[in-house]
Amino acid sequence: MPDPRPAAVVRIAVDAPQHSGLAGPLDYASEQALAPGRLVRVPLGRRELLGVVWPGDAAPAPELVLRPVAAVFDTLPPLGADWCRLLDFAAGYYQRSVGELASAVLPPQLRELSPSQLAARLRKLDKKTALTAAPTPVRPELAPEQAVAVERIAAQIDARSPKPLLLFGVTGSGKTEVYLRAAEAALAAGRQVLVLVPEINLTPQLEARFTERFAALLPQPLAIVALHSALTPAQRLQHWLAAHLGRARLVLGTRLAVFSSLPDLGLIVVDEEHDPSYKQQDGARYSARDLAVWRGFDLKIPVVLGSATPSLESWQHAESGRYERLTLAARIGGGALPRVRLFDMKALPPSAGVTTALTAPLLAALKERLDRGEQSLVFLNRRGYAPVLHCGECQWKSDCPHCSAWRVFHKRDRTLRCHHCGFTERVPRACPNCGNPDIAPIGRGTEKLEEQLTEALPGARVLRIDADSTRRKGELEAQLKAVHDGDVDILVGTQMITKGHDFRRIRFVAAVNPDGALFSSDFRAPERLFALLMQAGGRAGRDAERDVEGATPAEMWVQTWHRDHALYQALARHDYVRFAKTQLEERRSASLPPFSHLALLRAEARTAEAAKAFLMAAAELAQDEGVLVYPPVPHAVARVADVERMQMLVEATQRARLQAFLRGWVPELIALKRDHKAVLRWAVDVDPLAI
Ligand code: ADP
Ligand code: ZN
Ligand code: ZN
């Protein structure tokens, strides 16, 4: 009888289906010992999948006959031990299997290639020729506060156990220059640098700035690469490989880039660290910002979190001394932050059409800027023409048949579109319910605002930028260029235009209808609104040279029914510190994050009852006095695409306590699901952002 035991038994992280639970890596037979971190292909069921040889000893049950590893990617160096630690941590923390997470964060093309195809890709990388010599960049002299910040960060690059640094800098204070200098220091020390940005839209701009600065220092091909989901699969693989092989010295990317393999990583920058886009909203719902901080602790390298309005979590860490705070209080060039004018909607004469967003005083202000040849930005967080169509006869409204939401009226292409499930129809000629031809839009979105502005200000060059106007590739770049070139007088848009852009000509920013978020049931809504308005205001007056003698100062115009609200009062003083203080006090007394830790169990089913029954049963299983389980409630948009969504909050005062609880509970939920066939999907969201 031949020995049934293979030469080696290896543990492989592979994307096994969820019903097998949070099972760790699976055991396979191999003819040779394989180094941890090696990429392999292994059979699973009838398929063959990408896997990663996982650190640790395999311990298969003796009676099991192990399947052999199908192929080994031996031309590629193994993934580092630090990468495996990051994945182990993230999988454990966010309650996913490590194989699933690895498969989700490795470049998708790796799954399709055979070892010989990958070897060919690697040879292709070698053939890349160097760029032509770039000119030595001119570096601006640092402002004093910038110099201090850079020095503190640089000092941490070789520190024994560096602290995360919170770079708290007002809009236009030159945070990016600090990132550039810090990156320079890390690169000079022979380390790789990872820079995260919240939005794909912001990557080209940032890439241009980093390339301009470092092209001379890093002339090798692929020394500076971007990593985000808008790359082609081939590009994404190429950039990922460059990072993994240590050729890319600087990686700029969106949240998924936090998982890049970087053998010499020495510095991580998270720009706009407060931005909700750092949280993945499906699958493994990780926070790239939080994982960046974890990675920094693990590797003992500095992590710079930059923001004008830090998340309250990060702010609290700075207050407690866990993070080091670096402050940039002044705008570059001494420019003032825009004056904030809280325009009281209650003060409008009752007859003057108070429901219209374009109030006469706002129009007058825009007109004045227009006459002076200055650019303005008008901001409304709602795209489309009008959020709903309405029949005055029978009260019909354009609801979505599949969701608990209205379908939005898009005038340009005459459609009613559901922004939740995508269901789209031509606008009916008459009320589908009673035949009344006189159906009318209620409320307004950016499309209508654009139309009204064009009518009210003849001759003004109005441009709208939102998800609808930028669907096609290249459109956003072209539109932003028009703004930068001064070919636009009034820019209208959603929050897409409030983030990050270094507009040089805008002197006036108006938020026409921001009140909605004040009374949201989500405890983070004020924090988000404040950040959004500070960001939006930050687009005005960025070029101090336009602050000439006698000019009207840069201004932010906020139309509100609640002028005296503490949030607006803090905004008017650009007083993030005070805002954070009052918010944190409220959070502390209500025992909300960062003073408690939350997880959300979500369930989806065809009926709300089925989803609720699953959650109630899950609550029964939650026998831990250290955690509080709240009753199930419907999601804010309860039904989407004919699926009912319910959720249930779990709270603990200690993070470790919550983690320990979830480790026991989630496997029980996997078993529980088998008795709840009507539940289509369920998921645990650890540290949820939207509640
Ligand atoms: P933030 O990210 O803090 O909003 P930016 O980094 O975009 O600010 O900087 C605002 C502007 O100031 C940019 O155009 C940048 O090039 C310029 N800038 C930054 N630092 C300096 C400096 N030390 N000297 C001159 N210009 C600077
Ligand atoms: Zn009707
Ligand atoms: Zn819908």
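Ligands are counted one by one from 1 in listed order, and the atoms in each one are counted from 1 as well.
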Glu151 atom CD, over 12 foreign heavy atoms within 6.0 Å: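 Atom CD in Glu151 is not packed in, count stays at 12 or less.
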
With a 3.5 Å cut-off and no angle check, do the side chains of Arg528 and Ser520 form a donor-acceptor pair?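 No, no side-chain donor-acceptor contact under 3.5 Å.
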
Residue, atom name and distance, where the atom is the protein heavy atom closest to atom 2 (O) of ligand 1: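 Residue, atom and distance for the closest contact: Thr176 OG1, 3.4 Å.
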
So is [X] polar-close to ligand 1, meaning N/O to N/O under 3.5 Å?
X: Arg504; value: yes
X: Gly172; value: yes
X: Pro140; value: no

Need the ligand 1 atom indices (1-based, order shown) with element for anything under 4.0 Å from a heavy-atom of [X].
X: Gly174; result: 1 (P), 3 (O), 5 (P), 6 (O), 8 (O), 9 (O), 19 (C)
X: Lys175; result: 1 (P), 2 (O), 3 (O), 4 (O), 6 (O), 8 (O)
X: Ala143; result: 23 (N)
X: Thr171; result: 4 (O)
X: Glu141; result: 22 (C), 23 (N), 24 (N)

Using a 4.0 Å heavy-atom cut-off, which part of Asp502 comes near ligand 1: side chain, backbone, both, or neither?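 Under 4.0 Å from ligand 1, Asp502 contributes side-chain atoms alone.
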
Please classify the Val170 to ligand 1 contact at 4.0 Å (heavy-atom distances, strictly less than): side chain, backbone, both or neither.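 The answer is the backbone.
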
Pick from Glu272, His274, Gln535: which one makes a side-chain hydrogen bond (donor to acceptor under 3.5 Å, both in side chains) with Ser307?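 One option only clears the test, and that one is His274.
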
If you measure from each heavy atom of [X] to ligand 1, is any distance below 4.0 Å?
X: Ser173; result: yes
X: Arg209; result: yes
X: Val178; result: no

Under 2.8 Å from the Zn ion (ligand 3), is there an N/O/S atom belonging to [X]?
X: His420; answer: no
X: His402; answer: no
X: Cys421; answer: yes

Have a look at Trp315 and tell me which of Phe530, Tyr576, Tyr323 forms a ring pair (Phe, Tyr, Trp, His ring centres under 6.0 Å) with it.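 Only one option passes, and that is Tyr576.
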
Is Lys175 salt-bridged to Asp271, going by a charged N under 4.0 Å from an acidic O?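 Result for this pair is no, no salt bridge flagged.
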
State plainly whether the residues Glu477 and Lys481 are in salt-bridge range, i.e. N to O under 4.0 Å.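 Salt bridge: no.
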
Check the orientation of His410 and His419. Use parallel for under 30°, tilted for 30 to 60°, and perpendicular for over 60°.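 Answer is tilted, since the angle falls between 30° and 60°.
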
When the ring planes of Tyr385 and Phe409 are compared, do they come out parallel, tilted or perpendicular, using 30° and 60° as the limits?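 The arrangement is perpendicular - the two ring planes meet at more than 60°.
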
Can you tell me if Arg289 uses its side chain to pair, donor with acceptor, with the backbone of Val270 under 3.5 Å?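 Checked: no pair found.
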
Keeping Glu145 on the side-chain end and Ala330 on the backbone end, is there a donor-acceptor pair under 3.5 Å?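 Yes, the answer is positive, given that a donor and an acceptor are paired below the 3.5 Å cut-off.
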
Passing candidate, salt bridge (Lys or Arg N to Asp or Glu O under 4.0 Å) with Asp468, options Arg417, Arg382, Lys411: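 Of the listed options, the one satisfying the test is Arg417.
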
Angle subtended at the Zn ion (ligand 2) by Cys434 SG and Cys431 SG, rounded to 10 degrees: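 SG of Cys434 and SG of Cys431 make an angle of 110° at the Zn ion (ligand 2), to the nearest 10°.
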
Quick one: angle Cys394 SG - the Zn ion (ligand 2) - Cys391 SG, to the nearest 10°?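 Value, to the nearest 10 degrees: 110°.
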
Which angle, to the nearest 10 degrees, do you find at the Zn ion (ligand 3) between SG in Cys418 and SG in Cys400?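 With the Zn ion (ligand 3) as the vertex, the angle is close to 110°.
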
Distance check, rounded to the nearest 0.5 Å: Gln146 atom CD versus Glu141 atom CD?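 Here the interatomic distance stands at 10.5 Å.
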
